[in-house]
Amino acid sequence: MSLEILTEIKEWRRANPRAAYMQIEDEIHKRLMQLEARLIEGAVEQSPSREWGRGSEQEAVLCPKCAAPLQARGKHKHTLQGNGGENVTLSRTYGTCPKCGEGLFPPG
Ligand SMILES: [Zn+2]
């Protein structure tokens, strides 16, 4: 994936031979941030704790307020902001608390 970025930057540079230093820096920074977001998404998706709820071997997640086991409400897209300000979209199981109605994406 990082090799793709190098190729893209080379192509971009060829298409923009008169780009100023600042533009080059911006372009590379932008692509690195995108790469960072994709890497985070890929790494988080491999986390075993993302699966929980019905049919899952993972223990139920507890409500942070009343410690009742959350009910899994299926997967939802959850967008976080990465360090570089890039959006990272994760598919996470959303849960609601049967006691207080609190809904959240458990961390992990
Ligand atoms: Zn609760």
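Note that the structure is a prediction, hence the values are computed from the model and not measured.
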Q | Heavy-atom donor-acceptor pair, Arg14 side chain to Pro17 backbone, under 3.5 Å | A | no
Taken in chain and number order and not counting sequence neighbours, the residues that satisfy side chain to side chain contact (heavy atoms under 4.5 Å, CB included) with Asp26 are none
Note: Ala19 and Trp12 closest approach over all heavy atoms is CB-CH2, 3.6 Å
Rounded to the nearest 0.5 angstrom, the CG-SG distance for Leu104 and Cys97 is 9.0 Å
Side chain to side chain donor-acceptor pair (under 3.5 Å) filter on Lys65, not counting sequence neighbours, yields Glu102
Taken to the nearest 0.5 Å, the spacing of Leu6 CG from Ile28 CD1 works out to 9.0 Å
Correct closest heavy-atom pair for Pro98 and Leu70 would be CD-CA, 4.5 Å
Taken to the nearest 0.5 Å, the spacing of His78 NE2 from Ser91 OG works out to 11.0 Å
Rounding to 0.5 Å, atoms OG1 (Thr93) and CZ (Arg73) come to a distance of 12.5 Å
Those residues at least two apart in sequence (or on a different chain) that pass side chain to side chain contact (heavy atoms under 4.5 Å, CB included) with Gln81 are Asn87
Point to revise | Check: Glu41 side chain, Val88 main-chain N or O, donor-acceptor pair, under 3.5 Å | key: no
Interatomic distance, CG@Leu80 vs OG1@Thr89, rounded to 0.5 Å, equals 8.0 Å
Output for pair (His76 NE2, Arg92 CZ), nearest 0.5 Å, gives 13.0 Å
Return all side-chain donor-acceptor pairs below 3.5 angstrom for residues 29-37, not counting sequence neighbours, or 'none' if the list is empty.
{"unit_1": "Lys30", "atom_1": "NZ", "unit_2": "Glu27", "atom_2": "OE1", "d": "3.4"}
{"unit_1": "Arg31", "atom_1": "NE", "unit_2": "Glu27", "atom_2": "OE2", "d": "3.1"}
{"unit_1": "Arg31", "atom_1": "NH1", "unit_2": "Glu8", "atom_2": "OE1", "d": "2.4"}
{"unit_1": "Arg31", "atom_1": "NH2", "unit_2": "Glu27", "atom_2": "OE2", "d": "2.9"}

Taking every heavy atom of Phe105 against every heavy atom of Lys77, the minimum-distance pair comes out as CZ-O, 4.1 Å
Sorted by chain and residue number, the side chain to side chain contact (heavy atoms under 4.5 Å, CB included) partners of Pro69 (sequence neighbours excluded) come out as Ala60, Leu62
Between Asn16 and Arg13 the two heavy atoms that sit nearest each other are O-NH1, 2.9 Å
